[in-house]
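Scroll down for the structure; my scribbles are underneath it.
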Amino acid sequence: MAFFDWVAEIDIDLFKSLNDLHSPLGDGFWWMVSDKIAWLPLYFAILLLIIQNKGRESIVILLMLAITVVFADQVSGFIKDLVGRLRPSRDPSLMYDIHIVNAYRGGLYSFVSSHAANTFGVAVFISLLVRNFWLSITLLIWAGMNAYSRIYLGVHFPMDVIMGGLLGGLLGWGIYLLYLFLIEKMPAFSSIGSERSLSNFTRTGYRKTSVYFVMIIFILCLFFFWNGSTYLIDFMS
């Protein structure tokens with residue numbers, strides 16, 4: 001028991017240190033990073049990547065992707081209720097001494113982070129699907145930024161997002177294996193077969209131009225978040 005108390009104490013101390021790194025510009029930026037709706041252009045780019053390159057197989061892929069998000073969200077929600085750890089923004093011993101943005105405090109419980117589980121689940125699934133190093137790095141950065149944003153906003157401890165990310169990653173990997181099994185059992189949906197140059201395609205058959213488009217959209221989203229953050233905070237305040 002003393003070990004878990006020690007881990008919890010370190011977790012709280014690390015949370016305080018990270019949450020204290022705030023600024024007006026950072027408030028707007030990390031608020032937008034944490035907003036799922038703000039990432040719609042990135043979701044569209046990923047959707048385009050799959051549909052343009054996989055034809056009928058994209059039906060199976062999108063179904064697996066939806067299952068990844070639903071499972072990550074539901075399992076993380078179940079763990080939250082089971083563990084019952086209060087969010088830092090809801091903990092009476094912390095809630096008035098931490099930095100929050102736009103009076104947002106989230107739900108009651110924090111362990112594990114659904115944001116981290118969802119984003120890391122998607123990042124791992126898509127990375128395994130496409131098999132492009134730079135896209136994998138981009139998606140892991142995206143998931144990591146979403147996880148950190150929850151600490152910045154004061155609604156999750158570091159351990160919440162670390163374990164949420166591990167949960168999402170495991171689910172993303174497991175559902176990718178399920179996808180491989182289904183494609184093997186349903187060859188009519190498989191788009192594999194034609195020879196393609198590795199200079200223009202990834203080894204799993206995705207055009208590199210489509211991959212680069214996803215990466216460019218990610219960078220443009222960050223540029224928009226950074227430049228629009230001040231205006232957002234002024235609007236929300």
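Atoms considered below: every heavy atom in the structure, side chains included; atoms not considered: hydrogens, waters and symmetry mates.
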So, does [X] use its side chain to make a donor-acceptor pair with the main chain of [Y] at under 3.5 Å?
X      : Y      : answer
Ser89  : Arg105 : yes
Ser113 : Ala116 : yes
Ser34  : Trp31  : no
Arg207 : Phe201 : no

[atom1] of [X] to [atom2] of [Y]: how many Å apart, nearest 0.5 Å?
X      : Y      : atom1 : atom2 : result
Leu129 : Ser136 : CG    : OG    : 10.5 Å
Phe29  : Phe225 : CZ    : CZ    : 7.5 Å
Asp73  : Thr68  : CG    : OG1   : 12.0 Å
Ile37  : Leu40  : CD1   : CG    : 5.0 Å
Asn132 : Ile137 : CG    : CD1   : 10.0 Å
Ile98  : Ile151 : CD1   : CD1   : 11.5 Å

What heavy-atom pair brings [X] and [Y] nearest, and what distance separates the two atoms?
X      : Y      : answer
Thr119 : Trp142 : O-CZ3, 3.5 Å
Phe120 : Ala147 : CE1-CB, 4.3 Å
Asp11  : Met159 : OD1-N, 2.9 Å
Val130 : Thr204 : O-OG1, 2.7 Å
Trp39  : Leu222 : CH2-CD2, 3.8 Å
Thr202 : Arg131 : CB-O, 4.1 Å

**Request:** Output, in order, the C-alpha distance, side-chain angles, deciding distance and verdict of ring-ring contact (aromatic ring centres under 6.0 Å, His included) for Trp30 and Tyr148.
**Result:** CA-CA 8 Å; Trp30 291 108; Tyr148 172 75; 4.8 Å; yes
Between [Y] and [X], is there a side-chain heavy-atom distance shorter than 4.5 Å?
X      : Y      : answer
Asn146 : Val161 : no
Phe213 : Leu49  : no
Pro158 : Leu18  : yes
Leu139 : Ile46  : yes
Phe125 : Leu171 : no
Thr138 : Val214 : no
Gln52  : Leu48  : yes
His115 : Lys36  : yes

**Item:** Over 12 non-hydrogen atoms of neighbours within 6.0 angstrom of OH in Tyr104
**Value:** yes
**Message:** Does atom CZ (Phe78) have a neighbourhood of more than 12 heavy atoms from anything else shown, all under 6.0 Å?
**Reply:**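 No, the 6.0 Å shell around CZ holds no more than 12 heavy atoms from other groups.
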**Pairs where residues 140-164 contributes a residue and the test salt bridge (Lys or Arg N to Asp or Glu O under 4.0 Å) is met, not counting sequence neighbours** = Arg85-Asp160
**Request:** Go through Val112 and Val75 one step at a time and tell me if the side-chain contact (heavy atoms from CB on, under 4.5 Å) criterion holds.
**Result:** CA-CA 9 Å; Val112 294; Val75 173; over 6 Å; no
Consider only side-chain heavy atoms of I, L, V, M, F, W and Y, link residues closer than 4.5 Å, and tell whether [X] and [Y] are in one cluster.
X      : Y      : value
Leu178 : Leu65  : yes
Met215 : Phe223 : no
Val124 : Leu177 : yes
Leu182 : Ile67  : yes

**Asked** Given Tyr179 and Leu63, is the side-chain contact (heavy atoms from CB on, under 4.5 Å) satisfied, shown in steps?
**Response** CA-CA 9 Å; Tyr179 152 75; Leu63 176 62; over 6 Å; no
**Asked** Do Lys80 and Ser114 have side-chain atoms, one donor and one acceptor, less than 3.5 Å apart?
**Response**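 Indeed, the side chains of Lys80 and Ser114 share at least one donor-acceptor pair under 3.5 Å.
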**Message:** On the six-membered ring of Tyr206, is Lys54 placed so that its NZ or CZ lies under 6.0 angstrom from the centre and within 45° of the ring axis?
**Reply:**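 Checked: cation-pi criterion met.
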**Request:** For the residue pair His22 and His99, categorise the inter-ring angle as parallel (less than 30°), tilted (30 to 60°) or perpendicular (more than 60°).
**Result:**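 Answer is parallel, since the angle falls under 30°.
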**Item:** ring pair (Phe, Tyr, Trp, His ring centres under 6.0 Å) against Phe157, all qualifying residues, sequence neighbours excluded
**Value:**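 Phe157: ring pair (Phe, Tyr, Trp, His ring centres under 6.0 Å) contacts with Phe15.
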**Request:** Step by step, work out the side-chain contact (heavy atoms from CB on, under 4.5 Å) result for Asn19 and Tyr152.
**Result:** CA-CA 5 Å; Asn19 178 253; Tyr152 184 99; 5.6 Å; no
**Request:** Go through the steps to decide whether Ser76 and Leu167 satisfy the test side-chain contact (heavy atoms from CB on, under 4.5 Å), and finish with yes or no.
**Result:** CA-CA 8 Å; Ser76 59; Leu167 171 65; 4.1 Å; yes
